[in-house]
Amino acid sequence: MTAEEIIFKYYPEDNALRRLLLHHSHQVADMALAVADRHPELHLDRDFLYRASMLSLIHISEPTRPISI
C-alpha cells in the first residue's frame, strides 16, 4: 500500500484538510530526499524516507476510524 493510498483511506473526502496534509507531506518528503541526495555516503533508503515523510503527520486530525497499518 502506498503512502497516498493510506492517506486516502483515512482521509477519504477531498477537502482542505486532506489537501493540506498532502501538500505538507510532499514538502517534507522533498526535503528528506534532498538531504539523502546530498549525502550518498549514508546509503539512505529513499523509499523508506519518502513513505515515512508522507505519513509523518497522518494524525493531524481525528481520522474516521482507528489507524492500523
Side-chain angles (χ1 to χ4, degrees):
M1 185 175 265
T2 68
E4 287 83 358
E5 288 170 336
I6 293 169
I7 291 170
F8 293 163
K9 178 178 178 180
Y10 293 102
Y11 295 86
E13 293 182 40
D14 181 17
N15 57 29
L17 180 61
R18 185 173 82 177
R19 287 189 296 275
L20 175 66
L21 173 62
L22 286 168
H23 178 74
H24 174 77
S25 298
H26 279 112
Q27 287 180 318
V28 172
D30 289 345
M31 284 189 252
L33 295 175
V35 169
D37 290 342
R38 285 194 302 272
H39 295 281
E41 72 279 7
L42 297 176
H43 306 287
L44 298 172
D45 182 339
R46 292 175 53 82
D47 185 51
F48 175 79
L49 285 175
Y50 176 79
R51 288 183 283 126
S53 299
M54 288 299 293
L55 298 174
S56 65
L57 282 182
I58 197 164
H59 66 282
I60 63 172
S61 177
E62 190 66 36
T64 57
R65 55 185 173 242
I67 296 177
S68 61
I69 300 173

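Along the sequence shown, the residues carry numbers beginning at 1.
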Can you give the donor-acceptor pairs under 3.5 Å from side chains of residues 24-31 to other protein atoms, not counting sequence neighbours?
| from | atom 1 | to | atom 2 | distance (Å) |
| --- | --- | --- | --- | --- |
| Ser25 | OG | Leu21 | O | 2.7 |
| Ser25 | OG | Met54 | O | 3.1 |
| His26 | ND1 | Leu22 | O | 2.9 |
| Gln27 | NE2 | His23 | NE2 | 3.3 |

Is there a path of hydrophobic side-chain contacts, each under 4.5 Å between heavy atoms, that joins Leu20 and Leu55? no

My understanding is that only residues two or more places apart in sequence, or in another chain, count here; which of them pass side chain to side chain contact (heavy atoms under 4.5 Å, CB included) with Leu33? Arg46, Leu49, Tyr50

Test of understanding: with salt bridge (charged side-chain N to carboxylate O under 4.0 Å, His left out), list the residues that count as partners of Asp47, not counting sequence neighbours. Arg51

Can you tell me if Tyr11 uses its side chain to pair, donor with acceptor, with the backbone of Arg19 under 3.5 Å? no

Exceeds 12 heavy-atom contacts within 6.0 angstrom, atom CD of Glu13: no

Apply side chain to side chain contact (heavy atoms under 4.5 Å, CB included) to Glu41 and list each qualifying residue two or more places apart in sequence or on a separate chain. His39

In the single-linkage hydrophobic clustering (I, L, V, M, F, W, Y; side-chain heavy atoms under 4.5 Å), do Met1 and Ile58 co-cluster? yes

By side-chain hydrogen bond (donor to acceptor under 3.5 Å, both in side chains) - contacts of Asn15 (at least two apart): none

